[in-house]
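Bear in mind the structure is a predicted one, so any value in this text is a computation, not a measurement. So that the names make sense, note that chain A is the first sequence line, chain B the second, and so on, each numbered from 1.
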Protein chains: 2
Amino acid sequence: MPRKYHAVLAAAGELFMRQGYAAVSMDAVAKAAGVSKATLYAYLPGKDALLEAVVADRCAQMAERVGAVAVHDVALAESLRLLADSWLRFLLDPRSLRMYRMVIAESPRFPDLARRFFEAGPARGAAFITGWITEEQRLGRFRPELDPKVTTGHVSSLIRGDLFNRVVLGIEQPGEERIAGAVAATVEVLLRAFAVQPQPEA
Amino acid sequence: MPRKYHAVLAAAGELFMRQGYAAVSMDAVAKAAGVSKATLYAYLPGKDALLEAVVADRCAQMAERVGAVAVHDVALAESLRLLADSWLRFLLDPRSLRMYRMVIAESPRFPDLARRFFEAGPARGAAFITGWITEEQRLGRFRPELDPKVTTGHVSSLIRGDLFNRVVLGIEQPGEERIAGAVAATVEVLLRAFAVQPQPEA
DNA sequence: GTCTATATTTAGATAGAC
DNA sequence: GTCTATCTAAATATAGAC
């Protein structure tokens, strides 16, 4: 699939993410990609296939960007802060938000698409956090009796927090301090819930 | 706005929630409501206004259904379990999920709609939880140094948990035990993070 | 592979009778 | 208020030349 195929995927992706699948016409995609409509149909059998190709492409890109900062050679509080900070910022990235909105919206009609997104994004993030937890348990800083996978769900939910839900809905557009503040508050909770020796607050 | 107005809102709501705004035609709404298209335009100036009316209507309904179970005359663990269980089940209700998906999808193009949804749903739930926390603090069972509003974000995030994210994407369709298990695991974390006297596990 | 031009269907919206 | 019938624009998809 040659020359302009990448331009088509990029243009279609941009439009689908911003306006939603149903609201985007093949004309609009062709125009944005600088291609004729007939070329679209030379590449792909139809609009559904275009969406699937776009999401597969974006998932591959996302899979490379996923991954928080894992550090273990500092105090647990700082290690948690770096993990939470990097992961939350990834979630709040406009690309992540647009992808999330679009996939959520179409998941009832395109379940495969939702699963692919989940595997490329949330599942990879979860696997990363599970690894981080396991290592911290080995270091004796994270409660050893907890199941790493179950705990990953709790940790990731706290990191995402209320802020993500508000931003997804456009209720809030957080600045630098807001994000840092949310992370700091979350770290306090994480320490109380998961650290071997609960540390007193400042 | 007389006789068939309710039927129009109900039919349009059902279609918008299930298929998304852009994918639903006015013809489809008219047919589903048992009404001619001209009648739609007698009620409302256009499709956008129909969406806004639908969401306003559903938000009013939702505002009545919102509200978890608040109990304070049992042990904190049981009180937490009831709160988490009722709230999570509300979130996982198909009506909640469809509304959430649709509003998320359209929030970039209809920010007012997202805000109305937020006020009718998540904000009311948060206010409820904040009240619950304040009462538990008064009873001396919930850590008194914590800010109730900030803590509400942490509590609600943990209740929602990983399960909600998976269900929204259609990754998982939880049965009774799955929900109960998720609630139980969450309660353990909530106790460690927020109870005045961390209780030993079973 | 890529284009222009077009076929066909369906969209949102309205006129006018009752 | 409610209908049938219809207008106009825009949608998905394709034919056929290069």
### Task
Ignoring backbone atoms, establish whether Lys4(A) has a side-chain N or O less than 4.0 Å from OP1 or OP2 of dC3(C).
yes
### Query
Picking from dT12(D), dA11(C), dT2(D), which would you name as closest to the side chain of Tyr43(B)?
dT2(D)
### Query
Would you say dG1(C) has OP1 or OP2 under 4.0 Å from some side-chain N or O of Arg3(A)?
no
### Task
May I ask you to verify if any side-chain N or O of Tyr41(B) is less than 4.0 angstrom from the OP1 or OP2 atom of dT14(C)?
no
#### Entry: Presence of Thr39(A) side-chain N/O under 4.0 Å of dT2(C) phosphate oxygens OP1/OP2
no
### Message
Assess whether a salt bridge exists between Arg95(A) and Glu14(A), defined as any Lys/Arg side-chain N lying under 4.0 Å from an Asp/Glu carboxylate O.
### Response
no
### Message
What is the distance, to the nearest angstrom, from the CD atom on Gln19(B) to the C1' atom on dA11(C)?
### Response
14 Å
### Length of the CG-P vector between Leu44(A) and dG1(C), whole Å
12 Å
### Message
Counting only side-chain nitrogens and oxygens, does Ser36(B) get under 4.0 Å of the OP1 or OP2 atom of dT2(D)?
### Response
no
### Query
Is Asp112(A) salt-bridged to Arg116(A), going by a charged N under 4.0 Å from an acidic O?
no
### Ala42(B), nearest nucleotide to its side chain (from dT12(D), dT2(D), dC3(D))
dT2(D)
### Task
Tell me which of Val24(A) and Ala38(A) sits closer to the 5' end of DNA chain D, going by the nucleotide each one is nearest to.
Val24(A)
### Query
Rounded to the Å, how far apart are Leu50(B) CG and dA11(C) C1'?
15 Å
### Task
Quickly work out the Asp27(A) CG to dA11(C) C1' distance and round it to whole Å.
14 Å
#### Entry: Length of the line joining Met26(A):CE and dT6(C):P, which is rounded to integer Å
21 Å
### Query
Using the ring of each side chain (for Trp, its six-membered ring), is Phe194(A) parallel, tilted or perpendicular to Phe142(A), with breaks at 30° and 60°?
parallel
### Message
Output the rounded distance in Å from CG (Leu40(A)) to P (dA11(D)).
### Response
13 Å
### Task
Check the distance between dA11(D)'s C1' and Tyr21(A)'s OH and give it to me in whole angstrom.
12 Å
### Task
Check the distance between dT2(D)'s C1' and Tyr5(B)'s OH and give it to me in whole angstrom.
16 Å
### Query
For the side chain of Lys37(B) and the base of dG12(C), is some donor closer than 3.5 Å to an acceptor across the two?
yes
### Message
Classify the ring geometry of Phe16(B) against Tyr21(B): parallel below 30°, tilted from 30° to 60°, perpendicular beyond 60°.
### Response
tilted
### Arg160(A) to Phe164(B), cation-pi by 6.0 Å centre distance and 45° axis angle
no
